[in-house]
Amino acid sequence: MFIGITLLTSFLLSLLFTPFVKGIALRYRILDVSNTTLKTHTINTPYLGGISIFISVLITSVFMILLYKMMISLVLIGLLIACFMIIATGLTDDMYNLRPLTKISFQIIAASLAWLIGIRIHLTGLEQLDIIVTILWIVGLSNAFNLIDIMDGLSSGVAAISSIFLAIICLELGEIMSALLFLSIAGACFGFLIFNFNPAQIFMGDTGSLFLGFLIACSTTTMFQYQANSQVVVPVIILGIPIFETIFISFLRIKSGIPPWQGTKDHFALRLVKLGYSVKRTVISTYLFGILLGSISLMFFYSGSPALYSFLLITILLTVIGWLLSNVDISESQHS
């Protein structure tokens, strides 16, 4: 009942708010203009989809907290403030194109706030090192979902699929609040996909992709604990697609002498399209791979078997895939 109510509420709210924010974006000309070689769409498309996702997640979470009489902790309030910071950063970037250093600085501030309020990864047993790990995880995953937001429905769909698997694990671990957030994210993204799947009527923009990555990263921190059990790699496997994209793009850009934050067409999805895949086929194939990663993670989680071996095999597989995709010629319009 808890799962169904949360998913349905968030889904319906997203269906309601997305056309509303789309109308606002059109009215005030808050559009993603196809004016660079990195833009794959031909029609100016409204932004602000991220606002719809955020509102849907927020209202659903508050509703479920009140419905099930959950305690509103200071950690939750602090997380909301940090999310507002991320939303403001993304929205400002969507409207005015922030410099990469400025954008990353605000993300680090928000991640630091998350640490201060108690959202922490306890992985190494050394507090100073765990602070760095926590901030790198939050900022890195925020940008990872931003990186895969390169194609209609890609980032929102991957976020929805990942969140479903993460919610299942959180429920098993007794992390009800984290499960609530993941289910709210999944429902909101599924509702948004109605309008964002190819051909997209609206984009989530940096507002949405940074918010999704940030909230997912913060909500997974409880899964990392200082212990010998290799199950700590389970959330990394589930989030393998955005993590792979980040490593893949960063490696290719650095190899080419380009700063990792400079836009290029090195994205795995664009390389698949270059190979002859349609946009829809590329996105659906990515969804299926995300479901595969999530299923493998659940299999190891429930069996109690060490997930480290699975993690190593998946790493080898993704390395091979990355090597094959890196050989795809995208020289026609490499740089922005």
Side-chain angles (χ1 to χ4, degrees), residues 10-33 39 41 44-62 79-98 100 102-104 106-107 110-111 114 138-139 141-163 181-198 200-219 242 245 283:
S10 189
F11 175 78
L12 292 176
L13 285 172
S14 186
L15 280 181
L16 174 67
F17 283 113
T18 301
F20 177 72
V21 297
K22 175 188 173 184
I24 293 176
L26 288 171
R27 180 177 179 180
Y28 294 99
R29 306 294 296 171
I30 306 174
L31 308 173
D32 186 2
V33 180
K39 305 292 185 180
H41 57 287
N44 295 341
T45 307
Y47 273 136
L48 297 187
I51 298 296
S52 172
I53 294 174
F54 171 67
I55 293 174
S56 301
V57 171
L58 177 60
I59 293 178
T60 300
S61 299
V62 172
L79 177 59
L80 179 60
I81 294 172
C83 285
F84 271 118
M85 291 179 62
I86 289 296
I87 288 290
T89 301
L91 184 59
T92 304
D93 186 54
D94 286 336
M95 298 176 68
Y96 303 109
N97 292 319
L98 292 174
T102 302
K103 187 162 64 171
I104 200 78
F106 281 113
Q107 292 173 43
I138 295 175
V139 174
L141 203 58
S142 298
N143 285 283
F145 275 95
N146 184 232
L147 284 173
I148 63 171
D149 189 27
I150 195 67
M151 195 168 285
D152 295 352
L154 187 60
S155 187
S156 52
V158 170
I161 292 168
S162 301
S163 294
L181 293 174
F182 284 130
L183 291 170
S184 299
I185 289 171
C189 286
F190 282 132
F192 179 68
L193 268 175
I194 302 296
F195 307 93
N196 184 236
F197 196 72
N198 183 259
Q201 304 173 40
I202 185 172
F203 294 155
M204 70 167 72
D206 281 17
T207 308
S209 57
L210 290 178
F211 166 68
L212 288 174
F214 183 85
L215 186 55
I216 289 173
C218 288
S219 301
E245 172 80 323
V283 172

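We use all heavy atoms of the structure for the numbers below, so side chains are in, but hydrogens, waters and symmetry mates are not. The structure displayed is predicted, hence computed values, not measured ones.
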- Item | Test side-chain contact (heavy atoms from CB on, under 4.5 Å) applied to T92 and T102, step by step | CA-CA 11 Å; T92 304; T102 302; over 6 Å; no
- Task: Could you check F214 against L79 for side-chain contact (heavy atoms from CB on, under 4.5 Å), going step by step and ending with a plain yes or no?
- Result: CA-CA 10 Å; F214 183 85; L79 177 59; 4.1 Å; yes
- Query: F203 and N196: side-chain contact (heavy atoms from CB on, under 4.5 Å), yes or no, with the steps?
  - Reply: CA-CA 6 Å; F203 294 155; N196 184 236; 4.0 Å; yes
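Contact check for I138 versus C218: side-chain heavy atoms found under the 4.5 Å cut-off. Inter-residue side-chain proximity for F20 and L48 is flagged as unmet; no heavy-atom pair is nearer than 4.5 Å. Looking at heavy atoms from C-beta onward, C83 lies in side-chain contact with L215 at the 4.5 angstrom threshold. Side chains of I104 and N143 form a contact here, defined as non-hydrogen atoms less than 4.5 Å apart.
For S209, the side chain to side chain donor-acceptor pair (under 3.5 Å) criterion is met by N146, not counting sequence neighbours. With sequence neighbours excluded, the residues satisfying side-chain contact (heavy atoms from CB on, under 4.5 Å) with S162 are V158, I238, L239. Among residues two or more places apart in sequence or in another chain, the salt bridge (charged side-chain N to carboxylate O under 4.0 Å, His left out) test is passed with K22 by none. The side chain to side chain donor-acceptor pair (under 3.5 Å) test applied to S155 returns no partner, not counting sequence neighbours. Listed by chain and number, the residues in a side-chain contact (heavy atoms from CB on, under 4.5 Å) with A186 are L7, S163, I164, F190 (sequence neighbours excluded). For Y28, the side-chain contact (heavy atoms from CB on, under 4.5 Å) test picks out I24, I30, with sequence neighbours left out. The salt bridge (charged side-chain N to carboxylate O under 4.0 Å, His left out) check on D149 picks up nothing, with sequence neighbours excluded.
L80 CG to M85 CE: the interatomic distance, rounded to the nearest 0.5 Å, is 12.5 Å. Expressed to the nearest 0.5 Å, how far CD of Q201 lies from CZ of F192 amounts to 10.0 Å. Distance check, rounded to the nearest 0.5 Å: CD1 of I202 to OG1 of T45 gives 9.5 Å. The distance from the CG atom of L147 to the OG atom of S142 is 11.0 Å, given to the nearest 0.5 Å. To the nearest 0.5 angstrom, L26 atom CG is 13.5 Å from Y47 atom OH.
Around atom CZ of F106, no more than 12 heavy atoms belonging to other residues, nucleotides or ligands sit under 6.0 Å away.
Within the 3.5 Å criterion, the main-chain N or O of D152 finds no donor-acceptor partner in the side chain of N198.
Shortest non-hydrogen contact noted between L212 and A159 is CD1-CB, 3.9 Å. In plain terms, the two heavy atoms of F197 and V283 that are nearest each other are CE1-CG1, 3.8 Å. Of all heavy-atom pairs spanning C189 and S156, the tightest one is CB-O, 3.4 Å. For the residue pair S61 and L181, the shortest heavy atom distance occurs at OG-CD2, 3.7 Å.
Within the structure, every pair that satisfies the salt bridge (Lys or Arg N to Asp or Glu O under 4.0 Å) test and touches residues 201-219, not counting sequence neighbours, is listed here: K103-D206. Residue pairs satisfying the salt bridge (Lys or Arg N to Asp or Glu O under 4.0 Å) criterion with at least one member in residues 52-62, sequence neighbours excluded, are absent.
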Below 3.5 Å, can you tabulate the donor-acceptor pairs from side chains in residues 50-59 to any protein atom, sequence neighbours excluded?
| from | atom 1 | to | atom 2 | distance (Å) |
| --- | --- | --- | --- | --- |
| S52 | OG | T18 | N | 3.2 |
| S52 | OG | T18 | OG1 | 2.8 |
| S56 | OG | S14 | N | 3.2 |
| S56 | OG | S52 | O | 2.8 |

